[in-house]
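First comes the structure, then the notes that go with it.
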Amino acid sequence: MTHPAKLVCRNLWKLYGAIPSQMLDSQQFSPTDDELKKLGVIGAVKHADLEIEAGEIFVIMGLSGSGKSTLVRLLSGLIEPTMGEISIDGQDMLKMSERELIELRRHKMGMVFQHFALLPHLTVLQNVAFPLSIQGQRKSAAEARALEVIELVGLKGREGYFPRELSGGQQQRVGIARSLAVEPEIWFLDEPFSALDPLIRREMQDEFLRLQGMLKKTIVFITHDFDEAIRLADRIAIMKDGHIIQIATPEELVLNPADDYVQEFTRHVPRDKVLSVGAVMEAGADGGGEGIPASTKIYEVASQVVAAGKPLKVIDENGQAVGAIDAQRVIDVLVGNGA
Amino acid sequence: MARVSPKSMIWLGLFALTWLLATFGQGWLEAAGMGWAMQYPDAWVIPLKDSISAAMIWLVEEASFGLFTFTEFTRGISWMIEQPYNLARALLAEGFVEGHGRRAVQLVPPFSWIAVMAGVVALGHYARDWLLAAIVGAAFLYLAVFGQWESAMVTLASVVIAVPIGVAGGLLLGITAYRHPSFERILKPILDLMQTIPIFAYLVPILFMFGFGPVSALVATVIYAMPPMVRITTMALHAVDPEIKDFGVMSGCTRRQMTWRVLVPSARASLVVGVNQVIMLSLNMVIIASMIGAGGLGFDVLSALRRLNIGGGFEAGIAIVILAVAIDRLSQAFAQRATTFTPPPKGDTWIKRHPRSVIVLAILLVSYGVGLILPAVQTYPDAATLTTGKFWDNGVKYLNINFYDQFEAVKLFFLQGFLLPVKRFFLGIPWVWAIAMVTAIGWTFGGWKLALMNLLMAGFIAATGMWEKAMITVYLCGTSVVIASVIGIPLGVLAAVNERAGRIIGVLIDTLQTLPSFVYLIPVVMLFRIGDFTAMVAIVLYAVVPAVRYAAHGVRSVSPELIEAGVVSGCTKRQLLSRIRLPLALPEILLGLNQTIMLALSMLVITALVGTRDLGQEVYIALTKADTGRGLVAGFAIAFIAIIADRIITASARSARVRYGLESANG
Ligand SMILES: Nc1ncnc2c1ncn2[C@@H]1O[C@H](COP(=O)(O)OP(=O)(O)OP(=O)(O)O)[C@@H](O)[C@H]1O
Ligand SMILES: [Mg+2]
């Protein structure tokens, strides 16, 4: 299952501060952290390489100040990189004219903000219709489309409210509706749920997964919450001090953390929800039963395996037996003894 | 005075020397054959006035931008301002007339007074509630009943034109400054300078370019009222949440859409504050603008003052205040309304959605029709007006007859005990010595840059032959500022430490501030007649506000931790004040002093009306003669005094802040 890369960046750098020009001109631009420190330059994003595939949820994750927002602002063209390349659908974004960039944003990109960024003087309906009316759509058409997305995010009946009359969760629903109104292909979300309290946050995550199930956008999602990351992500990029340390599926991160920093993140993860049967089974062994698909998460079959009292057969997507899983392995995962 | 630092010893010595020079210097210098150091010799005066006048004449008569001449340019601007102004004036005050002078025939009358009343009441109700509607209605009713209607409508017409121009101009300049930092870098020092240059410094050139009349008045008003709008716009746009800006970019806004559909609406709350400022400043200019041709209430006050018609001046003055209060309340209510986002009216027809507009329109038409038959509906009948002029005249007469001696005694006491000695002192200092002193002060507080600036500015004043008048200005402002501080700072401190007193003083200060500066002159002239003392009292009344306000703010904003530290170490209340609060509030108090000086200087041209002999008088004479060179040179001299004072005080406030560790030395 290889998708075409939708959004690609190569050797992407964003530095803040006075950078000596001969350093920028040099062929091998790759200053070390120490060199940057000596120059008094802040490296917000350093040497980022990414390939984001069409239709995937790509989560960027890291502690505060690790450069997540800067990276996403680079990818969305809000700021210009110090160095590097970005291409979208194979087109070089840095070579685009002002006009082309505007067209790109009007039709291909949508963004959701941490603090919602709703326009205070517009109603819910007007806020959602705003990006459409910016494109010059007629008011009636824009509002009809806006009503559709408002209904989609479950805010029907509140079109006439002003943002300050809504709760935080509702405001973010407006932000989501607004970003979806133009039917973007790439959807950027910068910590969209961080400003919400935990219960609402979970609800919004479910809502988000429901929407993505229907819409299948290419998504770049930022969070500093690892639980959120593994709940939502197809792949996760972990950032630290401007570097991308590891890009992997949640399961790979748990199984093979690149370093202690990553491992620290994964320590408190409910492993039975991340690991799949395929990663835990004894490969090549025989087992009974009808066969459990290898991609099933452990928590879904834990009680079944334990109750069976014998190894159960594991099959791949073609129905071929690939191994077996027994109660001991499941229990090891549940109590956290290795993989 | 147990220990005096060597530095203060030097300053004390210098001051003593100055005093000696001021008292005996004339004799000594003349004996030494150095009379030139005392009196700036006429032969040395640079004829800058004449050069400027000549340049202005060249500008008006010959200058050309290629496609059009300078005069065509100013005429063009005049024409653009005149059209809407004439319309507003016709609608509100004069009607549409055919012909001129005595043969003029009114084709269509202006809005009837009943219609205007209905309009403002509806505005009040729309902006807030029935209470505001009643307040505004009462204010306008007052104008009608007390016979000020027509003048008030002329004034209103100019405000109605000046405010939108000021707001739009300020908004555009502010937006440009926001978008182009290089433009902001040019604009900012100009705005700073405008704040230190008293208004009337630019009255004369405006008069010369646009001629005596409402257009000049409007131009002056707009120039005066616009700078805060520019500042607030730039600031408000910078303060828009960066996320909102990002959102604008991400929705694919063009620059224009970004400005007008994202930034400006998001900054609405701050922008309306700017609009409010423009309105208040425009009203403040009403009387001064009448010096260069605005009619209406301002002109009534001015001409009454010139004829020393106390009653008439007072009535028109109160009318200005009432108009100002009504407009201020309305604009405040609109400002609040604009930030609380009321949903749009519901209803299926335009008539249902706009009930107030419909009613006002109906009243307008009906009153027009009925007015043709019943003149009282069109114009408030003269017979039904009341006048308080006699009352005030009689009141003044009564006071003057019964308390003449007391007033005279107060006046004499101040004149002889304070004003005259100070005047003699300033006039007695040899100009060479004074310039040296100003330069030395600049050196101590601000290094060689400030020293050089002071030297050049003070030198300019001497070289243009303005020295004596400048010294009278300094003396008049100086004494007023001292008295304003002596009254204002303790009041401010009291307001800060005592809550109840604070509230009363707050109300008092707010009221003083909404009054146009001229109004102060009237009662003072009534009691003390013309002269330096009257000028001083008027200046003090006008300039005391910032002294109070900054002192109160300074004392209030001393960090509570420091106060607690004082309490814990056993300070009495008095010690808390003298050891902790006052010293820490000093920088703020100094800034207040700065503002006080600026306001005092800007009152000068007004006090010229009561016969002072200073730079203000010089500007005033230049105004009446439309002598640009003379007016500009005097204006510059005043501006330079203002700038010298401003820079010295700002520098010393900074060094005080550094001393208390509130700011780093190189920050
Ligand atoms: N405009 C700027 N000027 C200078 N430094 C900046 C600028 N923007 C970001 N930085 C620096 O770049 C680094 C990365 O910031 P960034 O906002 O990308 O972090 P983040 O991971 O999004 O953090 P958070 O979770 O707090 O949002 C920080 O050290 C920040 O101080
Ligand atoms: Mg961030």
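In what follows, every heavy atom counts, from backbone to side chain, and hydrogens, waters and symmetry copies are set aside. Chain identifiers are assigned alphabetically (A, B, ...) following the order of the sequence lines, protein sequences preceding nucleic acid strands; residue numbering begins at 1 within each chain.
Under a 4.0 Å N-O distance rule, the pair A:Asp225/A:Arg201 qualifies as a salt bridge.
Note that CD of A:Gln126 is 11.5 Å distant from CD of A:Glu159, once rounded to the nearest 0.5 Å.
A 4.5 Å side-chain heavy-atom check between A:Thr82 and A:Tyr16 finds every atom pair outside the cut-off.
With a 4.5 Å cut-off on non-hydrogen atoms, A:Ile134 touches chain B through its backbone and its side chain both. Neither the backbone nor the side chain of A:Tyr161 comes within contact range of chain B; no heavy atoms are under 4.5 Å apart. Within the 4.5 angstrom heavy-atom criterion, no atom of A:Glu98 approaches chain B. For a residue to count as touching a neighbouring chain, one of its non-hydrogen atoms must lie under 4.5 Å from one of that chain's; by this rule A:Leu118 touches chain B with the backbone only.
Between the side chains of A:Ser179 and A:Trp187, at least one donor N or O sits under 3.5 Å from an acceptor N or O. Side-chain contact check for A:Glu228 and A:Thr223: at least one donor-acceptor pair (N or O, by modelled atom type) lies under 3.5 Å.
Across all non-hydrogen atoms, the minimal contact from A:Phe188 to A:Ser76 is CE1-CB, 3.7 Å. Residues A:Val59 and A:Ala229 share a closest heavy-atom pair of CG1-CB, 3.7 Å.
Near-neighbour residues of residues 230-239 of chain B relative to chain A, defined by a heavy atom under 4.5 Å from a heavy atom of that chain, are none.
In this structure, A:Arg178 fails the cation-pi test against A:Phe116, since its NZ or CZ atom is not both closer than 6.0 Å to the six-membered ring centre and inside 45 degrees of the ring normal.
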